[in-house]
Amino acid sequence: MAETEGKFDFAIDRGGTFTDVFARLPDGRERVLKLLSRDPQNYKDAPTEGIRRVLEEETGQPFPREQPVETSLIGWIRMGTTVATNALLEREGERTALLVTKGFKDLLHIGTQARPKLFDLEVSVPDVLYEEVIEVDERIILRQDGCQLPRKDPKRIVTGSTGDSLEVWKELDLAQVEKDLRGVLSRGITSLAVLLLHSYTWSDHEKAVGALARSLGFTQVSLSSEVMPMVRAVPRGYTVCADAYLTPKIHQYLKGFTSGFKGGLKDVDVLFMQSDGGLTPMEHFCGSRAILSGPAGGVVGYAITSYSQMENKPVIGFDMGGTSTDVSRYAGHYEHVFEASTAGVTLQAPQLDINTVAAGGGSRLFFRSGMFVVGPESAGAHPGPACYRKGGPLTVTDANLALGRLLPSFFPKIFGPGENEPLSMEETMKHFNYLTEEINLFLSPSQSKMSVEEVAMGFIRVANEAMCRPIRALTQAKGHDTSQHVLACFGGAGGQHACAIARALGMKTVFIHKYSGVLSAYGLALADVVEEVQEPCSLKYAQHCFSELDRRVEQLSKRCHDTLCARGFSSSQITTEVFLHLRYEGTDCALMITAAGHPSSSQSCRAGDFHSAFTERYLKEFGFTILDRPIVVDDIRVRGCGKSGIKSVYKTKLGSHQAKPVTMTKCYFEDGYLDTSVYLWEELPCGHSIQGPAIIIDKNSTILVEPCCEARLTEGGDVCLTVGSDPHCALGTELNTVQLSIFSHRFMSIAEQMGRVLQRTSISTNIKERLDFSCAVFGPDGGLVSNAPHIPVHLGAMQETVQYQIKSLGSKLREGDVILSNHPCAGGSHLPDLTVITPVFRKGVSGAVFFVASRGHHADIGGITPGSMPPHSTSLQQEGAVFMSFKIVTRGVFQEEAVTEALMAPAKYPDCSGTRNLHDNLSDLRAQVAANQRGSQLVGELIESYGLDVVQAYMGYIQSNAELAVRDMLRDFARCRRQQTGLLEVESEDFMDDGTPIRLRVQINEEQGSAVFDFTGTGTEVLGNCNAPRAITLSALIYCLRCMVGQDIPLNQGCLAPIKVIIPPGSILQPSQNAAVVGGNVLTSQRVVDVIFRAFEMCAASQGCMNNISFGSEKIGYYETVAGGAGAGPSWNGRSGVHSHMTNTRITDPEILEKRYPVILEQFSLRPGSGGKGKYCGGDGVIRKLLFRNKVVLSVLTERRSTCPYGLQGGEDGAAGLNLLHRADGRLLNLGAKTSVSLEPGDMFCLYTPGGGGFGREDDTNSKPQKRRRLNETFLERGSVFEYRMAQEGV
């Protein structure tokens, strides 16, 4: 690229509130500037104004605001912008139409079919980005060896870019497409997104549509095959829609920006930051690559400045802003994800793995049911925190102000209605006095009253713990030790929390760059220009494929190199890096691998030894490798870099004098108020140390140096903090409400870390990739303390299992023993859910002091059908291997022979088999034992830190807190009910499809906040498998209580403490010991929820079914659950095409389904009119049609085929479901609700799932308008940690 010596270079980050400008001046000096992103009274565009000010002030020449800026003095401009993110959050993109393969018009509405918030009865999912849909009657299918579909006419055979062979089943009718496109154009829509199935590998149809659309006058045409050619239609569809929706907005912004300069910046090198951390020329900046344009600059900034200065120690980036905090990691290379959600939209594009959590300076402070709660609600920029003088609520910023950690005299006077007043300590203290009074009223007489400062300090500690959890998750998920990292802190609010967070995570060093307040802008100046190309692949990573792999890598590398040369780079400035997206055959767990550090050999391709690189990383992340399993290349990616980042040469002068404080103040810490020195960063000499407590202030940030910490200024002018250990603060067993919140986080963190170990070390698809497991911590009485993740059907169920073992084995348990159980009478849900329980012992204490347990769904444990979920079982023995109280580990020795024998035992029964996958069973059971071992170790560390009596005391307090929240909810309901009807008793009834009633009577004690849930009158045990063990009813009850409480509470034993549950023995909800139960877990559980919500009139019935569909043969097996309609509520319409209540399973993407199984998905769309009508309508179910290519056995296990999902308060019922079979010979059969049937090639199964019930009479016009929540409040979180949690809750 051309040198720009003697000119002004600008790097600008245009954020939502502020625009940061970094300028490199002709003489080599550097300047930074911060201005409001919107100030229409003074200027039109903030980046332009920033450039104008620097030029005017540095040259002394006038640059009039009303005239275009002269560009002869400008070398280059680099920008990061939130324009695309804001357009997505506010839904202010271009009007867009989606053109999609016929049968899939609702594919992106249904998406993965999982709901984002597990316990929200109003399923809030962002609207799709398109306004209209055109269905195109075209179809491409992948050819499969052994396909037995009858051939009616010869099909055109084509070869895809992956090397796959495809059949053109239905040719494209361009005349009809033209007619449809003209109709869209006539309605003023000029942006088009095109998504045709399998276009990632064969794009001819998409290209033909694209050429036609452009010729007709569409101004933006985005083709999924060009935007991101990766397999999986749903994320590719979201990505192409985002591109079509956002790119015109970006072009509109760029046009406005360039118009502020003479010649439209024609002769200036203008680059924009993309989500992947690389710069791209302005004309190539597009919507799908722009979402993380702003925060990406910050990651590049800390990565380049911190990693080298900290002797190449891995770095955690910590960017704490107003509404949220961004966390990321750098260890010599950027960590990318290739699929992530922003504002509820999943994008399939290279993005830096930036994890956003809802905790920032503006996070609101609450005291709920005895617990300190921070966020996720935020005060936002308007009204902002209470101290901003605009009537805002208490926030984290207010807590820092109250503790003396923020000094109003050092802040500009920009607050208040006139934006001319200082920060208000008075407003903050007024709010804190009120909250402190509320907290002290809640405390019992035996507890000492809290001061305002103790309350504020409590909230700071809770906020810090909330921010530590994602950092632990981000590092430990990939096998890294959190404490071995440096914390690189930037952003306006992070400096006040850096010492405390580093200490909590065991980190010893915090690095804060001199430009930390504008690091995103500085990172743009340091970044390189990046050109990425990627294409799908279906090759094996094996010797016979290397020549083809080498050819394609060389082709892509040349494309990158040529593109960068065309942008002005010489070959010496260009580097390329090759990545292969690899996975073991038969798994979904693909890793994007670079061969850096693994040079090529005779046994590898020319780009490097990817086999060694893959197995090394797989072992680090997952704890094992799969020997002799072929490795598949899913994608080839080449990343080309044009080296163009500046090198900062600025050095601070060594000072001989000691740093002098500009003033002294008093700050509140754990030991009360301490004298605290205040320093100005710009006046600090380098090389000298400052002992905490101290405050270091610059124009854009405040750094708190806590007691036992030390600050030092480096030669580059940066601050390096050394974090000392916290003097041990003894904690007593009496309740401390602040510690209650912190212990709640710690117990949850233990369960989460157990889950990470289980996921990393397991081998089966169910546990490793579908994440169908739960981990939990229990008290010595077996009472649940914490559970993660929150899989509804596991909630509270494991508690019954642990308590059964305590009664059964009791004193027989010894250290080194581990128990395996799955029997319904021992707290099991259904047999494939195997629970592994480990008692935690403590020296000098008789009996277990805690228990840890993990429950995982094993794909097969024997029985009459593969998958161990038979639709027609009549006894427990037909459903697989049974374990009541089986010692899987005795005194530290894994009992492999005994457990193998037990897993093969079902073969003794008629028509049954032992487990069909013993290797996976044993591997996953070992992984569960390892997860428990990690939990036991973490519980031990907690006890070491605080003492056994303290840890057990807080375990009890956390359970009491959940109990209190449920009691408050029951009192509120009872009060409303008494005022409306004068009664404190509610009842309801619903029916299974076979006519079995489930009856419930609830008697509420308003004074105590307690209730009796009496299921007397419920039908008897059934001959089939819809019997539900008692544990299932308890799980359903905890789920309902959590939904009705309406806020985050610890989900533990305490939830059920105010509840007495009466279930008649011998009923369908408490069957006999040998009753079949597999349907109870997946079907009856839904009906129990329906009955509870009907009694409380919370909402109309949702589909009330999981629609369990499985098919298989000797070679393959497949299982899915399918979405339906959600029930409407008192102020909302039910969501269509979504899972509800006791399940939240994601569905297999259509392209993956057709690639791996002998099936063609003919249709997957909503079922119009199936939702019940009402003042608020129920959601529609879906239509799913599967055409089978080979002989298989189809099993269907469903409900709500005879009974309809009920409406409430005059709302109509939702439509019942229907299971039809179209035989290849033309016959049409109704399969009924539960069956197993042999299918021939050409048979098609058609599933019509139930709709949700309506709420209220349709003619009731007395409705209040629904308040629309801002997406950046509702869908703020993002990153790999968030995606992992969503995947866990999507089970």
Side-chain angles (χ1 to χ4, degrees), residues 623-624 747 750-751 753-763 767 773-786 798-823 826-828 833-856 858 881-903 918 921-945 947-949 951-952 955:
F624 68 95
F747 280 125
I750 290 172
Q753 289 180 65
M754 288 172 65
R756 287 293 192 174
V757 171
L758 178 51
Q759 188 248 348
R760 279 181 53 223
T761 56
S762 62
I763 197 167
I767 294 179
F773 63 81
S774 280
C775 297
V777 180
F778 304 84
D781 61 349
L784 179 65
V785 182
S786 65
M798 273 199 282
Q799 173 176 304
E800 294 271 303
T801 309
V802 175
Q803 289 176 335
Y804 179 89
Q805 305 310 325
I806 292 171
K807 287 178 197 158
S808 172
L809 298 174
S811 59
K812 296 176 188 170
L813 285 173
R814 298 281 182 273
E815 191 160 3
D817 289 352
V818 181
I819 306 139
L820 171 63
S821 181
N822 69 346
H823 198 292
D833 278 348
L834 297 183
T835 304
V836 173
I837 303 158
T838 303
V840 180
F841 290 92
R842 190 85 183 145
K843 195 175 272 187
V845 181
S846 63
V849 295
F850 275 92
F851 289 85
V852 290
S854 54
R855 174 170 286 183
H858 287 241
V882 179
F883 300 91
M884 189 74 88
S885 298
F886 184 93
K887 283 193 179 179
I888 191 171
V889 177
T890 303
R891 298 187 184 275
V893 179
F894 187 82
Q895 304 295 305
E896 183 169 337
E897 192 176 321
V899 77
T900 298
E901 185 182 327
L903 284 165
L918 179 65
N921 293 137
L922 293 175
S923 296
D924 286 352
L925 285 168
R926 284 195 177 93
Q928 288 179 256
V929 171
N932 287 7
Q933 181 61 29
R934 177 63 176 152
S936 177
Q937 178 190 340
L938 290 167
V939 168
E941 288 174 9
L942 200 61
I943 293 169
E944 285 293 333
S945 297
L948 176 62
D949 53 347
V951 174
Q952 288 189 336
M955 172 204 75

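Positions are given from 1, in the same order as the sequence printed here.
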Look up atom CD in Q799 and atom CG in D781, then write down how far apart they are to the nearest 0.5 Å. 7.5 Å
For the pair F850 and Q952, evaluate side chain to side chain contact (heavy atoms under 4.5 Å, CB included) and give the outcome as yes or no after the intermediate values. CA-CA 9 Å; F850 275 92; Q952 288 189 336; 3.8 Å; yes
Work out which heavy atom in V802 is nearest to a heavy atom in A853; give both atom names and the distance. CG2-CB, 4.4 Å
Starting at CD1 of I943, measure out to CG of D949 and round the result to the nearest 0.5 Å. 10.0 Å
Heavy-atom side-chain proximity of N822 to H858 below 4.5 angstrom: no
Contact between F778 and I837 at the side-chain level, heavy atoms closer than 4.5 Å - yes or no? no
Between NE2 of H823 and OG1 of T801, what distance do you get to the nearest 0.5 Å? 12.0 Å
Determine whether V929 and T838 make a side-chain contact, defined as any pair of heavy atoms from C-beta on separated by less than 4.5 Å. no
Would you say Q805 and L809 make side-chain contact, with heavy atoms under 4.5 Å? yes
Other residues, nucleotides, ligands: >12 heavy atoms within 6.0 Å of E901 CD: no
Can you see which heavy atom on F841 is nearest to which on V849, and at what distance? C-CG2, 4.4 Å
Answer whether the closest heavy-atom distance between the side chains of Y804 and M884 falls below 4.5 Å. yes
Run the numbers on E815 and K843 for salt bridge (charged side-chain N to carboxylate O under 4.0 Å, His left out), then give the verdict. CA-CA 10 Å; E815 191 160 3; K843 195 175 272 187; over 6 Å; no
Between D817 (side chain) and T890 (backbone), is there a donor-acceptor pair under 3.5 Å? no
What is the minimum heavy-atom distance between L834 and L925, and which atoms define it? CD1-CD2, 4.0 Å
So F773 and D924, do their side chains get closer than 4.5 Å, heavy atoms only? no
Rounded to the nearest 0.5 Å, what separates atom CZ in R926 from atom CD in E896? 4.5 Å
Going by heavy atoms in the side chains, are V777 and M955 under 4.5 Å from each other? no
For S808 versus S885, what's the shortest heavy-atom pair and its separation? OG-OG, 3.4 Å
Roughly how far, to the nearest 0.5 Å, is the CD atom of Q928 from the OG atom of S923? 11.5 Å
Any chance you could measure Q895, atom CD, to K887, atom NZ, to the nearest 0.5 Å? 10.0 Å
Shortest non-hydrogen contact between V836 and N932, atoms and distance: O-ND2, 2.9 Å
Minimal non-hydrogen separation, L758 against S854, with atom names: CD2-CB, 4.2 Å
Validation row: F851, L813 side chains within 4.5 angstrom (heavy atoms): yes
